[in-house]
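First up is the structure itself, then whatever we jot down about it.
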Amino acid sequence: MPVYLGQKAPDFTVNTTKGPLVFSTLKGKWVLLFSHPADFTPVCTTEFMAFSNRYEDFRKLGVELIGLSVDSIYSHIAWLRDIKEHYGIEVPFPVIADIDKEVARAYNLIDEKAGLTVRGVFIIDPNQVVRWMIYYPAEVGRNIDEIVRVIKAFQFNWDKKLATPANWEEGQEGIQGAPVTLEDSEKRDAEGAERWYLKRVKG
Ligand code: BEZ
């Protein structure tokens, strides 16, 4: 069964570039799990450097970053060493060596036709529920600003119980859930809401 939003995140026990990892031990933390097609490929290399350069921003948000591909641990080690040697960037997060494709299958990351792992991004909340997933093709690199923005929107929703409007950025107003009774809709009018079904509020 493919992974879906709102699902309990599939657990896994894996080998990573920072040692063994049991995913369920991260309960209580926000997790950003992201996959890449293959080590030593150009777009993936730019993405790994971009994620590494924003690592402190993720840490400040209390987010654990975890990379993944179906390459071996030795391939990962060689690639990360190469990035450090040639670009001076140390990749600070663990990278899963999913050689038996267990995690890739559980998170629906295999493009069988291309024989590659797709670029997947998953935000998993502290209850280990999958809250966001997005898949990019091999030829389009990810936008780290957008990933950070979505994490901030989830954390805003988590803390304030407010949704976020289109193009929301940190510090902007949120949106209250739509009313579900006629009486509540009339109350929204009395409160001076923009529309009875759209009320913006400060977070
Ligand atoms: C890349 O540039 O990251 C890439 C190229 C071909 C296949 C998969 C990934």
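Counting convention: from 1, in listed order, for ligands and their atoms alike. The first residue in the sequence is number 1, and the count goes up from there. All values below were derived from every heavy atom in this structure, side-chain atoms included, with hydrogens, water molecules and symmetry-related copies excluded.
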Candidates Thr45, Thr41, Val118, Asp111; heavy atom nearest atom 4 (C) of ligand 1 found on Thr41
In this structure, would Tyr135 and Trp132 fall into the same cluster of hydrophobic residues linked by side-chain contacts under 4.5 Å?
no
When rounded to the nearest 0.5 Å, the distance separating CZ of Arg54 from CG of Leu61 is 9.5 Å
Next on the checklist: If we count only non-hydrogen protein atoms and require a distance under 4.0 Å, does atom 8 (C) of ligand 1 qualify as touching the protein?
Outcome noted: yes
Using distance only, find each side-chain donor-acceptor pair of residues 25-34 under 3.5 Å and give its atom names and separation, not counting sequence neighbours.
from: Thr25; atom 1: OG1; to: Val22; atom 2: O; distance (Å): 2.6
from: Lys29; atom 1: NZ; to: Glu64; atom 2: OE2; distance (Å): 3.4

Numbered in order shown, the ligand 1 atoms found under 4.0 Å of a heavy atom of Pro37 are 8 (C), 9 (C)
One finds that the ligand 1 atoms under 4.0 Å from a non-hydrogen atom of Pro42 are 1 (C), 2 (O)
Heavy atoms of Pro94 and Leu65 approach each other most closely as CD-O, 3.4 Å
Numbered in order shown, the ligand 1 atoms found under 4.0 Å of a heavy atom of Cys44 are 1 (C), 3 (O)
The side chain to side chain donor-acceptor pair (under 3.5 Å) partner of Arg200 among Glu173, Gln172, Gln176, Glu194 is Glu194
among protein heavy atoms, the one nearest atom 2 (O) of ligand 1 is Val43 N, 2.7 Å
